[in-house]
Amino acid sequence: MENHKNKSMALKQLLVVFLLITQFSFAQNSNGGGEANPDLKTNEQALKRFQDNRFGMFIHWGPVTLRGTEISWSRGKEVAIDEYDNLYKEFNPVLFNANDWVKTAKDAGMKYIVLTARHHDGFSLWDSKFTDYDMKNTPYGKGVLKELAAACKEQNIDFGLYYTICDWHHQDYPVVYPDKDYKFHIEKDITDPATKEKMDRYITYMKNQLKELIEDYNPTLFWFDGEWEWAWTHEMGMDLYAYLRGLNDNLLINNRIDKGREGMAGTTKSYKYAGDYATPEQEIGKYDVTNAWESCITIANQWAWKANDQLKPTKQCIQTLVQTAGGGGNLLLNVGPMADGRIEQRQIDRLKEIGTWLDLYGEAIYGTRGGPFLPTETIVSTHKNDKIYVHLLKNPEGNLEVSLPKGYKVKKCYFLNQTDFLTFELKKGKLRISLPETLPNANVSVLVLEMNKSTEGMEPI
Ligand code: FHN
(Lines give C-alpha, C1' and ligand atoms only; values in the text may rest on other atoms or scores of the structure.)
Protein backbone atom coordinates (compact mmCIF):
# COMPACT_ATOMS: atom_id res chain seq x y z
CA MET A 1 0.00 0.00 0.00
CA GLU A 2 2.77 2.40 1.04
CA ASN A 3 4.64 1.69 -2.18
CA HIS A 4 1.55 2.48 -4.25
CA LYS A 5 1.08 5.78 -2.41
CA ASN A 6 4.70 6.82 -3.11
CA LYS A 7 4.31 5.96 -6.78
CA SER A 8 1.14 8.03 -7.20
CA MET A 9 2.79 10.97 -5.34
CA ALA A 10 5.80 10.78 -7.65
CA LEU A 11 3.50 10.66 -10.69
CA LYS A 12 1.59 13.70 -9.41
CA GLN A 13 4.85 15.65 -8.91
CA LEU A 14 6.01 14.66 -12.40
CA LEU A 15 2.70 15.88 -13.84
CA VAL A 16 3.04 19.23 -12.03
CA VAL A 17 6.57 19.69 -13.37
CA PHE A 18 5.43 18.82 -16.91
CA LEU A 19 2.52 21.26 -16.73
CA LEU A 20 4.79 24.02 -15.43
CA ILE A 21 7.28 23.48 -18.25
CA THR A 22 4.64 23.40 -20.99
CA GLN A 23 2.79 26.36 -19.48
CA PHE A 24 6.04 28.34 -19.38
CA SER A 25 7.01 27.47 -22.96
CA PHE A 26 3.56 28.45 -24.20
CA ALA A 27 3.73 31.58 -22.08
CA GLN A 28 6.89 32.47 -23.98
CA ASN A 29 6.13 35.09 -26.60
CA SER A 30 8.83 35.79 -29.16
CA ASN A 31 11.69 33.41 -28.58
CA GLY A 32 13.85 33.68 -31.67
CA GLY A 33 13.19 32.05 -34.99
CA GLY A 34 9.52 31.15 -34.60
CA GLU A 35 7.82 27.88 -35.38
CA ALA A 36 9.78 27.24 -38.61
CA ASN A 37 13.06 27.46 -36.65
CA PRO A 38 12.28 25.82 -33.28
CA ASP A 39 15.95 25.38 -32.39
CA LEU A 40 16.92 28.97 -33.24
CA LYS A 41 16.52 30.60 -29.83
CA THR A 42 17.10 34.24 -28.93
CA ASN A 43 20.77 34.92 -28.14
CA GLU A 44 20.43 35.13 -24.35
CA GLN A 45 23.69 37.02 -23.86
CA ALA A 46 22.66 39.68 -26.38
CA LEU A 47 19.21 39.90 -24.77
CA LYS A 48 20.68 40.30 -21.27
CA ARG A 49 22.91 43.16 -22.45
CA PHE A 50 19.93 44.80 -24.18
CA GLN A 51 17.75 44.52 -21.09
CA ASP A 52 20.55 45.74 -18.81
CA ASN A 53 20.91 48.81 -21.07
CA ARG A 54 17.29 49.76 -20.35
CA PHE A 55 17.38 53.15 -22.17
CA GLY A 56 18.20 53.97 -25.80
CA MET A 57 18.00 56.75 -28.38
CA PHE A 58 15.80 56.26 -31.45
CA ILE A 59 16.76 58.54 -34.38
CA HIS A 60 14.43 59.21 -37.32
CA TRP A 61 16.28 61.16 -40.00
CA GLY A 62 16.43 61.59 -43.78
CA PRO A 63 16.01 64.07 -46.65
CA VAL A 64 12.40 64.72 -45.55
CA THR A 65 13.82 66.92 -42.74
CA LEU A 66 14.32 69.54 -45.48
CA ARG A 67 10.54 69.95 -45.36
CA GLY A 68 9.98 69.32 -41.63
CA THR A 69 7.14 66.87 -42.34
CA GLU A 70 6.76 63.27 -41.13
CA ILE A 71 9.19 60.76 -42.57
CA SER A 72 7.55 58.59 -45.29
CA TRP A 73 3.97 59.35 -44.18
CA SER A 74 4.07 62.91 -45.65
CA ARG A 75 5.11 61.51 -49.07
CA GLY A 76 2.18 62.15 -51.41
CA LYS A 77 0.39 64.18 -48.73
CA GLU A 78 2.08 67.33 -47.39
CA VAL A 79 4.87 66.76 -49.95
CA ALA A 80 4.07 65.67 -53.52
CA ILE A 81 5.54 62.24 -54.33
CA ASP A 82 7.83 63.53 -57.06
CA GLU A 83 9.11 66.37 -54.87
CA TYR A 84 9.57 64.01 -51.90
CA ASP A 85 11.50 61.45 -53.96
CA ASN A 86 13.92 64.14 -55.19
CA LEU A 87 14.64 65.77 -51.83
CA TYR A 88 17.84 63.70 -51.59
CA LYS A 89 19.31 65.87 -54.35
CA GLU A 90 19.23 68.81 -51.88
CA PHE A 91 20.18 66.81 -48.75
CA ASN A 92 23.55 68.09 -47.50
CA PRO A 93 23.89 67.68 -43.68
CA VAL A 94 27.27 69.41 -43.49
CA LEU A 95 26.93 69.90 -39.71
CA PHE A 96 26.44 66.16 -39.05
CA ASN A 97 28.90 65.08 -36.38
CA ALA A 98 28.56 61.48 -35.18
CA ASN A 99 30.47 62.19 -31.97
CA ASP A 100 28.02 64.98 -31.13
CA TRP A 101 25.01 62.64 -31.59
CA VAL A 102 26.62 59.92 -29.47
CA LYS A 103 27.67 62.41 -26.77
CA THR A 104 24.08 63.68 -26.64
CA ALA A 105 22.86 60.12 -26.13
CA LYS A 106 25.50 59.45 -23.49
CA ASP A 107 24.74 62.69 -21.63
CA ALA A 108 21.10 61.57 -21.55
CA GLY A 109 22.10 58.32 -19.90
CA MET A 110 21.21 56.32 -23.02
CA LYS A 111 23.16 53.10 -23.58
CA TYR A 112 22.27 52.36 -27.21
CA ILE A 113 21.26 54.11 -30.42
CA VAL A 114 18.88 52.92 -33.17
CA LEU A 115 19.00 54.95 -36.41
CA THR A 116 16.56 54.65 -39.33
CA ALA A 117 18.97 53.24 -41.91
CA ARG A 118 16.05 52.93 -44.35
CA HIS A 119 12.46 54.04 -43.64
CA HIS A 120 9.32 53.36 -45.73
CA ASP A 121 10.32 56.12 -48.16
CA GLY A 122 13.09 53.77 -49.29
CA PHE A 123 16.03 56.16 -48.90
CA SER A 124 19.23 54.49 -47.67
CA LEU A 125 21.28 56.52 -45.19
CA TRP A 126 24.48 54.79 -46.28
CA ASP A 127 26.42 54.18 -49.50
CA SER A 128 24.63 51.02 -50.62
CA LYS A 129 25.88 48.83 -53.45
CA PHE A 130 22.27 47.93 -54.26
CA THR A 131 20.61 51.27 -54.89
CA ASP A 132 21.38 54.76 -56.16
CA TYR A 133 18.66 56.16 -53.88
CA ASP A 134 21.20 56.60 -51.09
CA MET A 135 23.48 59.04 -49.29
CA LYS A 136 26.29 58.68 -51.85
CA ASN A 137 24.08 60.40 -54.43
CA THR A 138 23.33 63.43 -52.26
CA PRO A 139 25.40 66.65 -52.24
CA TYR A 140 26.84 65.28 -48.97
CA GLY A 141 28.27 62.45 -51.06
CA LYS A 142 28.79 59.81 -48.37
CA GLY A 143 26.98 57.69 -45.82
CA VAL A 144 26.75 58.44 -42.09
CA LEU A 145 26.66 54.90 -40.68
CA LYS A 146 30.43 54.37 -40.68
CA GLU A 147 31.08 57.45 -38.55
CA LEU A 148 28.14 56.71 -36.28
CA ALA A 149 29.17 53.09 -35.73
CA ALA A 150 32.74 54.23 -34.96
CA ALA A 151 31.57 56.93 -32.54
CA CYS A 152 29.34 54.43 -30.74
CA LYS A 153 32.23 51.99 -30.41
CA GLU A 154 34.54 54.70 -29.12
CA GLN A 155 32.03 55.92 -26.53
CA ASN A 156 30.83 52.43 -25.56
CA ILE A 157 27.28 52.90 -26.82
CA ASP A 158 25.59 49.94 -28.55
CA PHE A 159 24.78 50.59 -32.23
CA GLY A 160 21.47 49.41 -33.68
CA LEU A 161 19.77 49.95 -37.03
CA TYR A 162 16.12 50.42 -37.93
CA TYR A 163 15.23 48.77 -41.25
CA THR A 164 11.77 48.79 -42.80
CA ILE A 165 10.15 45.90 -44.66
CA CYS A 166 7.68 48.08 -46.59
CA ASP A 167 9.30 50.39 -49.15
CA TRP A 168 6.89 52.67 -51.01
CA HIS A 169 9.64 53.85 -53.39
CA HIS A 170 11.16 50.57 -54.58
CA GLN A 171 9.94 49.37 -57.97
CA ASP A 172 9.69 45.74 -56.85
CA TYR A 173 7.75 46.29 -53.63
CA PRO A 174 4.18 45.38 -54.68
CA VAL A 175 2.24 47.69 -52.36
CA VAL A 176 1.83 51.21 -53.71
CA TYR A 177 1.24 53.87 -51.03
CA PRO A 178 -0.33 56.34 -51.19
CA ASP A 179 -2.51 55.78 -54.22
CA LYS A 180 -4.74 58.58 -55.52
CA ASP A 181 -7.15 58.05 -52.58
CA TYR A 182 -4.25 58.05 -50.07
CA LYS A 183 -4.86 54.36 -49.46
CA PHE A 184 -2.62 51.30 -49.69
CA HIS A 185 -3.05 50.27 -53.29
CA ILE A 186 -3.26 46.51 -53.31
CA GLU A 187 -2.16 45.30 -56.72
CA LYS A 188 -2.78 41.58 -56.67
CA ASP A 189 -2.61 38.64 -54.29
CA ILE A 190 0.94 37.66 -53.35
CA THR A 191 0.36 34.31 -55.12
CA ASP A 192 -0.09 36.12 -58.45
CA PRO A 193 3.01 34.96 -60.39
CA ALA A 194 4.08 38.42 -61.55
CA THR A 195 3.59 39.88 -58.05
CA LYS A 196 5.41 36.96 -56.46
CA GLU A 197 8.33 37.44 -58.85
CA LYS A 198 8.55 41.11 -57.89
CA MET A 199 8.37 40.30 -54.18
CA ASP A 200 11.07 37.65 -54.53
CA ARG A 201 13.31 40.25 -56.20
CA TYR A 202 12.51 42.72 -53.44
CA ILE A 203 13.37 40.19 -50.70
CA THR A 204 16.71 39.55 -52.41
CA TYR A 205 17.29 43.33 -52.40
CA MET A 206 16.55 43.51 -48.68
CA LYS A 207 18.80 40.54 -47.89
CA ASN A 208 21.63 42.09 -49.91
CA GLN A 209 21.26 45.43 -48.09
CA LEU A 210 21.02 43.77 -44.67
CA LYS A 211 24.13 41.70 -45.40
CA GLU A 212 26.11 44.80 -46.34
CA LEU A 213 24.88 46.56 -43.18
CA ILE A 214 26.08 43.65 -41.05
CA GLU A 215 29.41 43.32 -42.85
CA ASP A 216 30.19 47.06 -43.04
CA TYR A 217 28.70 48.44 -39.79
CA ASN A 218 28.19 45.46 -37.44
CA PRO A 219 24.99 46.58 -35.65
CA THR A 220 24.16 44.82 -32.37
CA LEU A 221 20.46 44.80 -33.25
CA PHE A 222 18.00 45.24 -36.12
CA TRP A 223 14.83 47.17 -35.40
CA PHE A 224 12.41 46.02 -38.09
CA ASP A 225 9.24 47.90 -38.97
CA GLY A 226 6.64 47.96 -41.75
CA GLU A 227 5.70 44.31 -41.44
CA TRP A 228 1.96 45.03 -41.37
CA GLU A 229 1.27 45.11 -45.11
CA TRP A 230 -0.25 42.15 -46.97
CA ALA A 231 2.85 41.57 -49.13
CA TRP A 232 4.89 40.38 -46.13
CA THR A 233 4.08 36.91 -44.77
CA HIS A 234 4.82 34.93 -41.59
CA GLU A 235 6.98 32.55 -43.61
CA MET A 236 9.02 35.44 -45.04
CA GLY A 237 9.52 36.84 -41.53
CA MET A 238 10.83 33.58 -40.11
CA ASP A 239 13.06 33.06 -43.16
CA LEU A 240 14.55 36.56 -42.83
CA TYR A 241 15.16 36.07 -39.09
CA ALA A 242 17.04 32.79 -39.75
CA TYR A 243 18.99 34.42 -42.60
CA LEU A 244 20.21 37.26 -40.36
CA ARG A 245 21.10 35.03 -37.43
CA GLY A 246 23.02 32.87 -39.92
CA LEU A 247 25.09 35.93 -40.79
CA ASN A 248 25.60 37.00 -37.17
CA ASP A 249 24.42 34.76 -34.32
CA ASN A 250 24.85 37.56 -31.77
CA LEU A 251 22.21 39.74 -33.42
CA LEU A 252 19.10 40.81 -31.56
CA ILE A 253 16.00 41.31 -33.73
CA ASN A 254 12.66 42.78 -32.68
CA ASN A 255 9.26 41.16 -33.25
CA ARG A 256 8.38 43.35 -36.25
CA ILE A 257 10.42 41.09 -38.54
CA ASP A 258 7.44 38.73 -38.51
CA LYS A 259 3.65 39.04 -38.30
CA GLY A 260 3.20 38.34 -34.60
CA ARG A 261 2.91 41.90 -33.28
CA GLU A 262 -0.41 42.86 -31.76
CA GLY A 263 -0.76 46.38 -33.17
CA MET A 264 0.58 49.34 -31.20
CA ALA A 265 0.59 47.28 -28.01
CA GLY A 266 3.53 45.58 -29.65
CA THR A 267 3.26 42.30 -27.76
CA THR A 268 3.75 39.07 -29.73
CA LYS A 269 0.76 36.80 -30.19
CA SER A 270 2.70 33.65 -29.40
CA TYR A 271 6.01 31.84 -29.52
CA LYS A 272 5.22 30.73 -33.13
CA TYR A 273 6.37 34.10 -34.45
CA ALA A 274 9.99 35.19 -34.93
CA GLY A 275 11.55 38.02 -32.98
CA ASP A 276 13.46 38.49 -29.73
CA TYR A 277 11.53 41.29 -28.06
CA ALA A 278 8.16 43.01 -28.24
CA THR A 279 7.69 46.61 -29.41
CA PRO A 280 4.88 48.69 -27.86
CA GLU A 281 4.73 52.05 -29.64
CA GLN A 282 3.90 55.48 -28.19
CA GLU A 283 2.74 53.76 -25.01
CA ILE A 284 4.23 52.21 -21.89
CA GLY A 285 4.19 48.45 -22.34
CA LYS A 286 2.12 46.25 -20.06
CA TYR A 287 3.87 44.69 -17.05
CA ASP A 288 5.72 41.65 -18.37
CA VAL A 289 8.85 40.28 -16.70
CA THR A 290 8.84 37.05 -18.72
CA ASN A 291 9.19 38.39 -22.26
CA ALA A 292 11.56 41.19 -23.24
CA TRP A 293 9.94 44.36 -24.56
CA GLU A 294 10.81 47.94 -25.42
CA SER A 295 8.49 50.95 -25.75
CA CYS A 296 9.41 53.34 -28.57
CA ILE A 297 8.16 56.86 -27.83
CA THR A 298 8.85 60.25 -29.41
CA ILE A 299 10.33 63.10 -27.35
CA ALA A 300 8.21 65.41 -29.53
CA ASN A 301 5.10 64.69 -31.60
CA GLN A 302 6.71 63.71 -34.92
CA TRP A 303 9.24 60.94 -35.43
CA ALA A 304 11.24 63.09 -37.88
CA TRP A 305 12.29 66.70 -37.13
CA LYS A 306 9.63 69.41 -37.30
CA ALA A 307 10.13 73.12 -36.56
CA ASN A 308 8.79 74.03 -33.09
CA ASP A 309 7.43 70.54 -32.54
CA GLN A 310 6.09 70.26 -29.00
CA LEU A 311 8.54 68.49 -26.66
CA LYS A 312 7.34 66.25 -23.84
CA PRO A 313 8.09 67.76 -20.38
CA THR A 314 11.19 66.40 -18.60
CA LYS A 315 9.11 64.94 -15.75
CA GLN A 316 6.96 63.03 -18.22
CA CYS A 317 10.07 61.63 -19.96
CA ILE A 318 11.61 60.50 -16.65
CA GLN A 319 8.34 59.01 -15.39
CA THR A 320 7.95 57.19 -18.71
CA LEU A 321 11.46 55.77 -18.31
CA VAL A 322 10.84 54.46 -14.79
CA GLN A 323 7.43 53.10 -15.78
CA THR A 324 8.91 51.09 -18.66
CA ALA A 325 11.72 49.79 -16.43
CA GLY A 326 9.23 49.03 -13.65
CA GLY A 327 7.10 47.13 -16.15
CA GLY A 328 10.07 44.97 -17.16
CA GLY A 329 10.88 46.82 -20.41
CA ASN A 330 13.24 49.21 -22.14
CA LEU A 331 12.56 52.75 -23.35
CA LEU A 332 13.67 53.81 -26.83
CA LEU A 333 13.16 57.60 -26.80
CA ASN A 334 13.10 59.18 -30.27
CA VAL A 335 14.81 62.37 -31.44
CA GLY A 336 14.68 63.91 -34.93
CA PRO A 337 17.89 65.63 -36.11
CA MET A 338 17.61 68.62 -38.47
CA ALA A 339 18.43 68.71 -42.21
CA ASP A 340 21.85 70.24 -41.46
CA GLY A 341 22.78 67.21 -39.33
CA ARG A 342 22.47 68.73 -35.88
CA ILE A 343 20.10 67.66 -33.12
CA GLU A 344 18.33 70.86 -32.08
CA GLN A 345 19.57 72.40 -28.83
CA ARG A 346 16.24 72.22 -27.04
CA GLN A 347 16.12 68.41 -27.59
CA ILE A 348 19.73 68.17 -26.37
CA ASP A 349 18.80 70.19 -23.27
CA ARG A 350 15.75 68.01 -22.57
CA LEU A 351 17.83 64.84 -22.88
CA LYS A 352 20.49 66.28 -20.58
CA GLU A 353 17.84 66.84 -17.90
CA ILE A 354 16.96 63.15 -18.11
CA GLY A 355 20.66 62.32 -17.88
CA THR A 356 21.01 64.46 -14.74
CA TRP A 357 18.28 62.40 -13.09
CA LEU A 358 19.98 59.18 -14.17
CA ASP A 359 23.31 60.42 -12.78
CA LEU A 360 21.54 60.37 -9.40
CA TYR A 361 19.27 57.35 -9.79
CA GLY A 362 20.70 55.22 -12.60
CA GLU A 363 21.47 52.43 -10.10
CA ALA A 364 17.70 51.86 -9.92
CA ILE A 365 17.39 51.50 -13.71
CA TYR A 366 20.48 49.99 -15.36
CA GLY A 367 20.86 46.23 -14.94
CA THR A 368 17.58 45.96 -13.03
CA ARG A 369 14.49 43.99 -13.85
CA GLY A 370 10.85 44.96 -13.32
CA GLY A 371 8.92 44.43 -10.09
CA PRO A 372 8.23 42.79 -7.71
CA PHE A 373 5.63 45.40 -6.79
CA LEU A 374 3.11 45.69 -9.63
CA PRO A 375 2.84 49.22 -11.07
CA THR A 376 0.26 51.58 -9.59
CA GLU A 377 -0.48 55.27 -10.10
CA THR A 378 1.84 56.04 -7.19
CA ILE A 379 4.75 53.62 -7.56
CA VAL A 380 6.63 51.32 -9.88
CA SER A 381 9.48 49.08 -8.75
CA THR A 382 12.67 47.54 -10.05
CA HIS A 383 15.07 45.12 -8.38
CA LYS A 384 18.66 43.96 -8.56
CA ASN A 385 20.56 41.59 -6.22
CA ASP A 386 19.31 42.17 -2.64
CA LYS A 387 17.68 45.55 -3.35
CA ILE A 388 14.19 46.61 -4.36
CA TYR A 389 13.90 50.15 -5.77
CA VAL A 390 10.54 51.84 -5.27
CA HIS A 391 10.07 54.74 -7.72
CA LEU A 392 7.59 57.30 -6.36
CA LEU A 393 5.61 58.81 -9.25
CA LYS A 394 3.84 61.05 -6.76
CA ASN A 395 3.90 61.70 -3.03
CA PRO A 396 1.70 59.12 -1.26
CA GLU A 397 1.17 61.79 1.44
CA GLY A 398 2.47 60.08 4.58
CA ASN A 399 2.93 56.32 4.74
CA LEU A 400 3.63 54.06 1.82
CA GLU A 401 2.24 50.55 2.21
CA VAL A 402 3.26 47.53 0.10
CA SER A 403 2.86 43.79 0.56
CA LEU A 404 5.99 41.71 0.95
CA PRO A 405 6.33 38.18 -0.41
CA LYS A 406 6.65 35.48 2.28
CA GLY A 407 10.18 34.83 3.56
CA TYR A 408 11.45 38.31 2.72
CA LYS A 409 12.43 40.86 5.35
CA VAL A 410 13.59 44.48 4.97
CA LYS A 411 16.92 45.20 6.63
CA LYS A 412 17.16 48.91 5.75
CA CYS A 413 15.04 51.50 3.99
CA TYR A 414 16.28 54.86 2.68
CA PHE A 415 16.07 57.24 -0.26
CA LEU A 416 18.72 56.48 -2.90
CA ASN A 417 21.70 58.87 -2.47
CA GLN A 418 20.61 59.79 1.06
CA THR A 419 22.14 58.53 4.30
CA ASP A 420 19.38 58.85 6.88
CA PHE A 421 17.26 55.71 7.23
CA LEU A 422 13.48 55.77 7.09
CA THR A 423 11.35 54.10 9.74
CA PHE A 424 9.17 51.18 8.66
CA GLU A 425 7.15 48.38 10.18
CA LEU A 426 6.17 44.97 8.86
CA LYS A 427 2.81 43.63 10.04
CA LYS A 428 1.04 40.58 8.60
CA GLY A 429 3.03 40.80 5.36
CA LYS A 430 2.32 44.52 4.95
CA LEU A 431 5.33 46.84 4.88
CA ARG A 432 4.53 50.41 5.95
CA ILE A 433 7.17 53.11 5.38
CA SER A 434 6.93 56.55 6.95
CA LEU A 435 7.76 59.19 4.34
CA PRO A 436 8.66 62.88 4.79
CA GLU A 437 6.25 65.56 3.62
CA THR A 438 8.60 66.68 0.85
CA LEU A 439 10.22 64.08 -1.39
CA PRO A 440 13.88 64.55 -2.40
CA ASN A 441 13.31 64.72 -6.20
CA ALA A 442 10.69 66.70 -8.08
CA ASN A 443 10.58 64.21 -11.00
CA VAL A 444 10.82 60.77 -9.36
CA SER A 445 12.20 59.92 -5.91
CA VAL A 446 13.59 56.41 -5.36
CA LEU A 447 13.31 54.40 -2.16
CA VAL A 448 15.72 51.53 -1.53
CA LEU A 449 14.62 48.42 0.38
CA GLU A 450 17.67 46.39 1.35
CA MET A 451 16.38 42.84 1.76
CA ASN A 452 17.52 39.85 3.80
CA LYS A 453 18.31 37.90 0.61
CA SER A 454 18.51 38.17 -3.21
CA THR A 455 15.43 39.52 -4.95
CA GLU A 456 16.01 37.35 -8.05
CA GLY A 457 13.00 35.20 -8.85
CA MET A 458 10.68 37.13 -6.54
CA GLU A 459 7.04 36.60 -7.50
CA PRO A 460 5.29 39.82 -8.62
CA ILE A 461 3.04 41.17 -5.82
O1 FHN B 1 5.43 54.01 -39.72
C2 FHN B 1 6.39 53.93 -38.71
C3 FHN B 1 6.62 55.27 -38.08
O4 FHN B 1 7.00 56.21 -39.03
C5 FHN B 1 7.72 55.11 -37.04
O6 FHN B 1 8.91 54.69 -37.69
C7 FHN B 1 7.27 54.10 -36.00
C8 FHN B 1 8.38 53.86 -34.99
O9 FHN B 1 8.19 52.65 -34.39
N10 FHN B 1 6.95 52.84 -36.64
C11 FHN B 1 5.96 52.89 -37.68
C12 FHN B 1 4.57 53.13 -37.16
O13 FHN B 1 4.20 52.06 -36.34
Side-chain angles (χ1 to χ4, degrees), residues 30 50 55-65 67-79 81 84-85 87 110 112-125 160-170 173 175-178 182-185 206 219 221-232 237 252-269 273 275-285 292-306 309 312 317 320 324 329-337 347:
S30 40
F50 171 76
F55 186 33
M57 175 185 272
F58 212 172
I59 304 175
H60 278 65
W61 193 50
V64 68
T65 48
R67 296 292 181 270
T69 55
E70 188 57 289
I71 191 165
S72 303
W73 294 98
S74 60
R75 179 176 178 269
K77 290 184 179 162
E78 297 90 332
V79 184
I81 290 179
Y84 189 109
D85 291 352
L87 287 173
M110 294 160 155
Y112 62 106
I113 281 177
V114 180
L115 170 68
T116 53
R118 188 177 67 104
H119 205 263
H120 320 324
D121 59 15
F123 183 75
S124 296
L125 273 180
L161 290 175
Y162 167 111
Y163 190 86
T164 185
I165 284 161
C166 67
D167 179 333
W168 301 325
H169 176 273
H170 197 279
Y173 184 70
V175 178
V176 172
Y177 178 84
Y182 296 122
K183 289 198 175 41
F184 291 96
H185 176 67
M206 284 206 292
L221 69 88
F222 274 118
W223 210 100
F224 278 93
D225 203 6
E227 86 290 357
W228 57 81
E229 292 182 352
W230 63 276
W232 188 250
L252 211 57
I253 301 168
N254 74 358
N255 67 348
R256 300 190 187 189
I257 191 169
D258 194 350
K259 304 290 280 191
R261 171 170 65 123
E262 289 174 316
M264 299 307 253
T267 46
T268 299
K269 291 185 183 104
Y273 293 97
D276 301 320
Y277 62 94
T279 51
E281 177 171 325
Q282 298 290 32
E283 60 182 67
I284 292 160
W293 58 272
E294 170 202 70
S295 280
C296 57
I297 296 176
T298 50
I299 198 169
N301 289 323
Q302 264 193 195
W303 292 100
W305 177 81
K306 173 183 171 185
D309 198 354
K312 290 180 172 70
C317 293
T320 299
T324 48
N330 284 27
L331 174 63
L332 190 61
L333 188 61
N334 180 81
V335 298
Q347 292 195 24

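Every number for a ligand or one of its atoms is a count from 1 in the order of the listing. Quick caveat, the model's predicted, so the values are computed rather than measured.
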(message) Any salt bridge linking R261 with E227? Criterion: basic side-chain nitrogen under 4.0 Å from a carboxylate oxygen.
(response) yes
(request) Could you tell me the residue and atom name of the protein heavy atom closest to atom 13 (O) of ligand 1, and the distance to it rounded to 0.1 Å? (result) E281 OE1, 2.7 Å
(message) If the cut-off is 4.0 Å to any non-hydrogen atom of W228, which atoms of ligand 1 fall inside it?
(response) 1 (O)
(message) Could you walk me through whether I297 and N334 satisfy the side chain to side chain contact (heavy atoms under 4.5 Å, CB included) test, starting with their C-alpha distance in whole Å, then the side-chain angles of each, then the deciding distance to 0.1 Å, before giving a yes or no?
(response) CA-CA 6 Å; I297 296 176; N334 180 81; over 6 Å; no
(message) Quick check on contacts: which atoms of ligand 1 are under 4.0 angstrom from a heavy atom of W73?
(response) 1 (O), 2 (C), 3 (C), 4 (O)
(message) Under 4.0 Å from a heavy atom of R256: which atoms of ligand 1 are those, numbered in the order shown and with their elements?
(response) 9 (O), 10 (N), 13 (O)
(message) Please work out, at 4.0 Å between heavy atoms, whether the side chain, the backbone, both, or neither of F224 comes within that distance of ligand 1.
(response) neither
(message) Can you confirm whether or not the ring centre of Y162 sits under 6.0 Å from the ring centre of H119?
(response) yes
(message) Taking distance alone, with N or O pairs closer than 3.5 Å, would you say H120 contacts ligand 1?
(response) yes
(request) Going by the ring pair (Phe, Tyr, Trp, His ring centres under 6.0 Å) test, name the single residue among Y173, Y177, W228, W303 that passes it with H120. (result) W228
(message) Under 3.5 Å between any N/O of W303 and any N/O of ligand 1: does that happen in this structure?
(response) no
(request) For side chain to side chain contact (heavy atoms under 4.5 Å, CB included), just list the numbers for D121 and W168, CA-CA rounded to whole Å, side-chain angles, deciding distance to a tenth of an Å, and then say yes or no. (result) CA-CA 6 Å; D121 59 15; W168 301 325; over 6 Å; no
(request) Indicate, as side chain, backbone, both or neither, the part of Q302 found under 4.0 angstrom from ligand 1 when only non-hydrogen atoms are considered. (result) neither
(message) Distance to the ring centre below 6.0 angstrom and angle to the axis at most 45 degrees; does that hold for R118 and Y163?
(response) yes
(message) One residue to check: H60. Relative to ligand 1, which of side chain, backbone, both or neither has a non-hydrogen atom less than 4.0 Å away?
(response) side chain
(request) Give the residue and atom name of whichever protein heavy atom lies nearest to atom 10 (N) of ligand 1, and the separation in Å to one decimal. (result) D225 OD2, 2.6 Å
(message) Under a 4.0 angstrom heavy-atom cut-off, which atoms of ligand 1 come close to W223?
(response) 9 (O)
(request) Specify whether F224 and F222 have parallel, tilted or perpendicular ring planes, treating 30° as the upper limit for parallel and 60° as the lower limit for perpendicular. (result) tilted
(message) Salt bridge or not between K259 and E229? Use side-chain N to carboxylate O under 4.0 Å.
(response) no
(request) Say whether C296 and ligand 1 are in contact under the criterion: heavy-atom distance to a ligand atom below 4.0 Å. (result) yes
